[in-house]
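See below for the structure under consideration.
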Amino acid sequence: MIKGISFLRPASNHADFERLASFFSALGFVPGSGWDEAESKGASFLAPLGNLELVEGAMPAKADVFIEVTQLDAVREAAVAWGRQYGASPGMAISETEETHWKSRLFTIEPVVGQSFAFWENTEPLKGKPIAVEGDLSAKGMRFAIVVARWNAVITDRLLEGTLDALLRSGAARSEIEIVRVPGAWEVPAAARTIAELGKVDALITLGCLIRGETAHYEAIYNEVSRGIGQSQQDTGVPHAFGVLTCETLEQALNRAGIKAGNKGFEAAVAAIEMVSLRRKLLADSPDREDA
């Protein structure tokens with residue numbers, strides 16, 4: 001029969017009310033319906049879960065409201081940014097993030113005098129829950145080959161730059177990155193297959209660009225390129241990241257190569273790093289482990 005629970009926090013004046021409302025909006029709370037009547041007005045903010053907890057003895061922190069989050073450092077940064085934007089009110093204070101004895105991290109903030117809130121994050125969020133195996137994004141100690149088509153070089157060179165940027169930023173050594181250039185997208189699968197079968201790299205990143213023309217040539221090339229790259233990955237077991245663009249116009253291709261819609265070469269490199277890490281974890285857990 002219980003449907004929900006609401007905690008009402010009185011604001012001492014209109015300025016504090018507006019300040020608190022902007023604070024919770026800045027932190028990403030979903031606004032509720034609220035109300036505006038002759039005798040009072042209310043700003044409602046919703047959270048996915050709510051608890052009523054009774055405490056005997058010392059409170060976990062000097063705050064009346066505890067808000068659990070999943071990215072505590074990002075929340076604190078948002079709170080600090082909000083304070084800079086709206087200015088510190090008299091008595092406003094934000095604590096440093098501290099470890100607690102109840103396996104969590106916590107900071108408190110008082111946006112207005114008399115209104116103190118604690119934000120906390122569980123340091124063991126997956127305890128008692130099924131754990132997903134995921135790859136990490138550190139490329140240290142990994143070996144990569146980048147197969148890049150020369151055709152539409154104004155696009156593929158940008159994709160290559162994005163790929164190298166992602167790998168080097170993630171800790172890959174430049175000496176562990178091999179760049180192989182082929183005439184066009186059609187030749188990418190064959191080169192990728194040869195490199196994968198040599199067994200000298202942990203992952204391949206395939207880069208190319210196909211722009212639609214007035215004939216069916218575009219579809220024929222794309223289908224074979226995608227099939228060949230996928231087949232090479234399945235047969236060799238070596239991760240192949242797909243960075244071959246298929247676009248209607250040159251403008252679309254430029255946008256996807258770093259102008260507006262991000263750099264797909266960068267994204268392909270990140271996917272390759274994660275898949276190498278994931279593969280290593282899966283092989284390490286396998287009773288019939290073979291060398292990665």
Side-chain angles (χ1 to χ4, degrees), residues 1-132 134 137 255 260-262 267 270:
M1 293 187 294
I2 303 298
K3 183 178 179 181
I5 185 169
S6 298
F7 291 93
L8 305 185
R9 306 288 298 174
S12 58
N13 53 57
H14 178 71
D16 282 358
F17 176 87
E18 295 294 336
R19 186 176 176 85
L20 286 169
S22 71
F23 173 70
F24 284 107
S25 295
L27 294 188
F29 276 82
V30 177
S33 56
W35 72 91
D36 189 354
E37 299 175 352
E39 296 183 356
S40 67
K41 66 183 300 185
S44 175
F45 297 93
L46 310 178
L49 296 173
N51 297 304
L52 173 61
E53 298 186 9
L54 305 178
V55 179
E56 180 181 8
M59 288 285 287
K62 295 180 180 180
D64 298 323
V65 178
F66 285 70
I67 302 164
E68 184 178 6
V69 299
T70 56
Q71 298 181 26
L72 186 68
D73 294 331
V75 172
R76 191 178 185 281
E77 289 178 9
V80 171
W82 171 85
R84 293 196 193 103
Q85 180 179 356
Y86 287 90
S89 68
M92 175 183 168
I94 181 169
S95 73
E96 295 296 328
T97 301
E98 299 177 352
E99 301 282 341
T100 73
H101 67 277
W102 35 285
K103 296 182 179 179
S104 67
R105 300 167 63 239
L106 174 147
F107 77 86
T108 59
I109 182 170
E110 191 171 351
V112 299
V113 176
Q115 302 279 2
S116 182
F117 304 92
F119 291 84
W120 66 282
E121 176 182 49
N122 194 331
T123 55
E124 296 183 359
L126 299 179
K127 184 176 181 180
K129 300 179 181 179
I131 299 178
E134 296 180 292
L137 294 179
N255 287 341
K260 289 184 179 179
E267 295 175 12
V270 171

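Closest approach of Phe119 to Leu72, counting heavy atoms only: O-CD1, 3.4 Å. In terms of heavy-atom proximity, Ser44 sits nearest to Ser33 at CB-N, 4.1 Å. Across all non-hydrogen atoms, the minimal contact from Leu106 to Ala118 is CD1-CB, 4.1 Å. Taking all atoms of both residues into account, the shortest heavy-atom contact from Ser104 to Thr100 is OG-OG1, 2.7 Å. In plain terms, the two heavy atoms of Pro31 and Leu46 that are nearest each other are O-CD1, 4.3 Å.
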Please test Glu121 against Asp73 for side chain to side chain contact (heavy atoms under 4.5 Å, CB included), starting from the C-alpha separation and ending with a verdict.
CA-CA 9 Å; Glu121 176 182 49; Asp73 294 331; 5.8 Å; no
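Remark: the Ser40 side chain and the Trp35 side chain contain an N/O donor-acceptor pair separated by less than 3.5 Å.
Partners of Thr97 under the side chain to side chain donor-acceptor pair (under 3.5 Å) rule, at least two apart in sequence or in another chain, do not exist in this structure. With sequence neighbours excluded, the residues satisfying side-chain contact (heavy atoms from CB on, under 4.5 Å) with Glu68 are Trp120, Asn122. For the salt bridge (charged side-chain N to carboxylate O under 4.0 Å, His left out) test, no residue two or more places apart in sequence or in another chain qualifies with Glu37.
Here the NZ-NE2 distance, from Lys41 to His14, works out to 5.5 Å after rounding to the nearest 0.5 Å. Summarising the geometry, atom CD belonging to Gln115 is positioned 11.5 Å from atom CZ belonging to Phe17; distances are rounded to the nearest 0.5 Å.
Using bins of under 30°, 30° to 60° and over 60° for the plane-to-plane angle, the ring pair Phe24/Phe45 lands in the tilted bin.
Between the side chain of Glu77 and the backbone N or O of Ala81, no donor-acceptor pair lies under 3.5 Å.
For the pair Arg9/Leu20, no side-chain contact is recorded, criterion being any heavy-atom separation below 4.5 Å from C-beta on. Between Val75 and Phe107 there is a side-chain heavy-atom pair separated by less than 4.5 Å. Side-chain atoms of Arg19 and Trp82, non-hydrogen and from C-beta on, do get closer than 4.5 Å to each other.
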